[in-house]
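Only one structure is covered here, and it is reproduced in the block below.
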Amino acid sequence: MEKKMTGADMETRFNPQAIEAELYKAWEESGAFVAHREEGKKPFTIVMPPPNITGQLHMGHAMDCILQDAPIRYHRMKGDPTLWLPGTDHAAIATEVKIVEAMRKEGLTKQGIGREAFLERAWNWKKEYGGRIVHQQRKMGVSCDWSRERFTMDEGCSKAVREVFVRLFEKGLIYRGQRMINWCPACRSALSDAEVVYKEQASHLWHIRYPGADGSEGVVVATTRPETMLGDTGVAVNPADERYTELVGKKVILPIMNKEIPVVADEYVEMDFGTGAVKMTPAHDPNDFEVAQRHNLEIITVTNDDGTMNENAGRFAGMDPMECRKAVVEELEKLGLLVKIEDYSHNVGFCYRHENTPVEPRLSEQWFVKMKPLAEPAIAAVKEGKTKFVPDRFSKIYYNWMENIRDWCISRQLWWGHRIPAWYCEECGEMTVSREDPACCPKCGGKLHQDEDVLDTWFSSALWPFSTLGWPEETEDLKYFYPTSMLVTGYDIIFFWVARMIFSGIEHMGETPFETVLIHGLVRDEQGRKMSKSLGNGVDPLEVVEEYGADALRFSLVMGVSPGNDTRYSTEKVEAARNFANKVWNASRFVLMNVNERKEFEVSKLETADKWILSRLQEAIRDVSDHMEDGDFGLAATKIYDFAWSEFCDWYIELSKSRLLGEDGESKETVKAVLLFVLENLLKLLHPFMPFLTEQVYKYLPETEGFLMLQKWPETNAELIFSEDEQRMQGIMEIIRTIRNLRSEMNVAPSKRTRLMLLPAEGWSETLRGGDGYFRRLAGASETELLDSRDTVKEKTVSAVIAAGELFIPLGDLVDFEKEIIRLGKELENLQKEMNRSRGMLNNQGFLAKAPAALVQAEKDKLEAAVAKAAALQNRIAELKENV
RNA sequence: GGGAUUAUAGCUCAGUUGGUUAGAGCACCACGUUGACAUCGUGGGGGUCAUAGGUUCGAGUCCUACUAAUCCCACCA
């Protein structure tokens, strides 16, 4: 057994680097993070949003970590069976893009090495980067249950994916079909609507004449993408548009291709945009596709998988779209069919993994999830409050998306991911969708090949809250921990992830997966810009941890942050948090250098200051607990900060010094016991935010065993609330502040001690007598004299009127009565303003009649005090005037 | 086009259900080697809470309008 350490062993500075790794190891090895089911007790469960295995953790992840670890540690200390389930996501597209990029540097291609070899590389990648991420999370101090760590492509999760796919297919909620989808030429894959990011682009509107087939002048169409005309199969106008009534039903000539195409009338066309005539490219525009369906227009695809023009584009085949656009425009100009070019700015969709690659709407055979039937109960669940968004406004965003949802394209033309469990018979063409890999065609016994595509990565993430607990098996964990308590995530993935988990949970588990969804904002840089690779303004959380410690980073990310709002990262904030950690460390050091045994205090022996700090502690416990419950971690952290620094350190510790050095043994014992009691409670309150610091300090506390992280969360104790003593203490504090203030104003050197005379107000004599040591220690008083009446003040003094009475500091020749009169006069003036305000309120019948009685009384008391103070000030001024 | 958020001290931001002298950190000024801490202490300066109305006995807080910034959704070619 190692020797118990004491305050004397503590360094003068908190040194996080020296202790973090060791503490984390000790926690983890002891099994403190592992969740245990306790029947009859309601668990607190969070499934961690699995970081992508694409690279390393960024500030957003750090934010995720602290916002989950804080409530997890809080609930664990409260004694709830607590599970925080970690894991990582295979991130199909994102990872594949990275791997392909890495391979390109080696001169390799996917196709070159083949599917099997590629997947081997991918698994190696997962091992390396998945491991790195988990390592980084540990550095942040996350207290998650690593024994339950999962990966979206591990055996269990893959089984869940397969089960869900087959179930939905059997229910008719998954189907395969030719639809207009978003195609990323860089991924060479389909994307879902959510994976397209629109960006405003400056462009042009080209006006092109399509001559009439009968030799008439035909029609002028306007387009933003002239190259797509190669795939045009019609022109549409609004049926009500009189300009074109004649033309409807006739044919025009598609220039360059020299092909006759029909003019059709369709409501979709807006008469007042462009020329009122729209070229129809059904294979490359969703709206055109719909029009084509209604009018039986031909559908011609003119691009390849990689975005280049295909053989249908005739002599433009092989060009990339921009090249082709230029060539087409030139050609049209030559033909005299380019009527005009207008400047035009419009939104262009880009791939969310290839920021500079525009997505191409394209007709393609893909797999889809039918969303309407899944969305409806998911909307209802949130409306009924079964899942609550915090802050509530995010439920509106959720409704808006869910109510306008379109079918979800889930197939991706990638290799890294869950392969679609569909097989096609090479003999009869029959499609088989199956939980188990079939050996041959169930219909004809013919040879099968599996669908080449994999699933959208979000298909497996959608199952995360239950697949990680063992579903589709009915495991004990699943029964006990589902539905989970809370999901913590950024608003940027509400559509991608949160919404999909909610409808999946309802569909497959019959219950929404979370009680609350706590949404946080983005961590931005110091100028408020989004942190991004391309800007190079990202800050690596690990570097911050190295330099300032995990606790400082954690605290800086929550302090003063309000739920749902973006926050700016700045080193100043981290420094402030680091300073706070050091402050707590040193306060602890002070306490522990003076207290080396654990003794209870007796309430009957408590002095005013003790009762004050114990009372303040009760309020801190209450507020912090309330804020933890509400998910207001910013307020919780602020409360702890203020209590620890402005009350415990600045006042109680300072006040304790005179007693610790004093002769009164009983007072000394009491103050020691209170110091230890308050410190220990403070450490507990702070632990969810600064786990390393608090755990380390806990080791030095006398007679403790085990980890702080497993100690009981403090509860308020009504017997330790002393309102009257709080007021007494406020009186003492006011005197100290006033003296400091006066000395500062009079330029009295801090080292110079001055006498203090106090004329107590009614009922304050006892308190002031007891304050002597405090005034000496904290206000530079050499001695304190209690006066019986003001007449006894014979010396030249500066004075002040405070709640506890009047105070006088004899400063001899430093005192200038004229200036004193002016100074006190100003104070009186302010006081009179305050009295006027107060009288105004109390003369207001409405206020008297409608405001709560306690408030009215409080105002009366305030006025009374002000009146008394004003009278005293007037007396003093009169007195001084006589002496001038 | 629809929706959301933000606007409070020089900067970054708090401010719980409306309760009446609006807070913090950083920055600034003055002073300070009192054995926990200079990653500190004491004192100070600094805001008509974007603007205009309204509700109320009372508005930073609620309502309406307006201005500005940011974001999300939709996508008229």
Side-chain angles (χ1 to χ4, degrees), chain A residues 7 10 12-14 198 205 221-225 228 236 268-270 272-281 285-288 344 346-347 349 391 393-394 396-397 400-401 404 491-492 494-495 521-522 526 528 530 548 552 559-562 564-568 570 572-573 575-594 623 626-627 630 632 634-635 638 641-642 645-646 649-650 653-654 657 737 740-745 747-751 777-780 830 833-834 837-838 840-841 844-852 855-856 858-859 862:
Chain A
M10 295 173 77
T12 57
R13 289 183 183 185
F14 174 48
Y198 288 91
L205 200 52
V221 297
T223 181
T224 51
R225 295 196 302 160
T228 63
Y268 152 72
V269 180
E270 301 276 338
D272 47 14
F273 184 86
T275 62
V278 191
K279 59 189 267 314
M280 290 292 116
T281 321
D285 184 286
N287 294 308
D288 294 7
Y344 186 63
H346 68 141
N347 275 337
R393 64 185 138 95
F394 290 103
K396 279 190 203 168
I397 294 177
N400 181 51
W401 192 69
N404 299 298
Y491 59 69
D492 49 334
I494 292 178
F495 306 139
L522 266 38
E526 301 199 30
K530 219 167 167 171
Y548 297 94
M559 174 101 173
V561 169
S562 67
N565 285 359
D566 290 354
T567 177
R568 292 185 197 201
S570 73
E572 275 101 39
K573 285 186 195 174
E575 276 170 15
R578 187 266 323 262
N579 294 352
F580 177 59
N582 190 58
K583 186 75 185 176
V584 173
W585 174 264
N586 271 291
S588 307
R589 192 168 147 247
F590 171 79
V591 172
L592 297 174
M593 286 192 313
N594 286 286
D623 287 357
D626 287 351
H627 291 140
D630 297 343
D632 268 332
L635 292 179
T638 306
Y641 184 96
D642 289 341
W645 203 316
S646 313
C649 292
D650 287 353
I653 285 186
E654 292 307 323
K657 288 176 180 171
R737 280 199 201 97
R740 285 170 173 172
N741 191 318
L742 288 173
R743 288 172 56 107
S744 170
E745 261 179 70
N747 285 319
V748 179
S751 55
R777 179 116 205 145
L778 299 184
N830 287 336
K833 271 188 210 152
E834 179 54 20
R837 185 196 59 76
S838 200
M841 274 174 84
N844 184 329
Q845 290 310 308
F847 176 70
L848 295 178
K850 295 182 185 176
L855 205 72
V856 176
E859 197 56 43
K862 228 190 274 179

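Throughout, a chain's letter reflects where its sequence line sits, starting with A, and its residues are numbered from 1.
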(message) Dot-bracket, 5' to 3', for RNA chain B please: Watson-Crick or G-U pairs under 3.5 Å, [ ] where pairs cross earlier ones, | where the partner sits on another strand, dots elsewhere.
(response) (((((((..((((.....[...)))).(((((.......)))))......((((..]....)))).)))))))....
Mind listing the N/O atom pairs, protein and nucleotides 59-61 of chain B, below 3.5 Å?
none

(message) Please classify the nucleic acid contact of A/R578 as base, sugar-phosphate, or nothing, using heavy-atom distances under 4.0 Å.
(response) base
(message) Using the salt bridge (Lys or Arg N to Asp or Glu O under 4.0 Å) criterion, which residues pair with A/E575? Sequence neighbours excluded.
(response) none
(request) Could you list the residues that satisfy salt bridge (Lys or Arg N to Asp or Glu O under 4.0 Å) with A/K530, not counting sequence neighbours? (result) none
Let me know the distance between [atom1] of [X] and [atom2] of [N], rounded to the nearest Å.
X      : N     : atom1 : atom2 : result
A/N747 : B/U42 : CG    : C1'   : 13 Å
A/L778 : B/G43 : CG    : C1'   : 15 Å
A/N582 : B/U39 : CG    : C1'   : 5 Å
A/N579 : B/G41 : CG    : P     : 9 Å
A/N594 : B/G35 : CG    : P     : 13 Å

(message) Is A/S744 close enough to B/C31 that one of its side-chain N or O atoms is under 4.0 Å from OP1 or OP2 there?
(response)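 For A/S744, the contact criterion (side-chain N or O under 4.0 Å from OP1 or OP2 of B/C31) is not met.
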(request) Using a 4.0 Å heavy-atom cut-off, write out nucleotides 19-25 of chain B from 5' to 3' as B (base contacted by protein), S (sugar-phosphate only) or - (no contact). (result) BBB---S
(request) Take nucleotides 71-77 of chain B nucleotide by nucleotide from the 5' end and write B, S or -, depending on whether a protein heavy atom sits under 4.0 Å from the base, only from the sugar-phosphate, or from neither. (result) -SSBBBB
(message) I'd like to know if A/R837 and A/E859 make a salt bridge, using a cut-off of under 4.0 Å between side-chain N and carboxylate O.
(response) yes
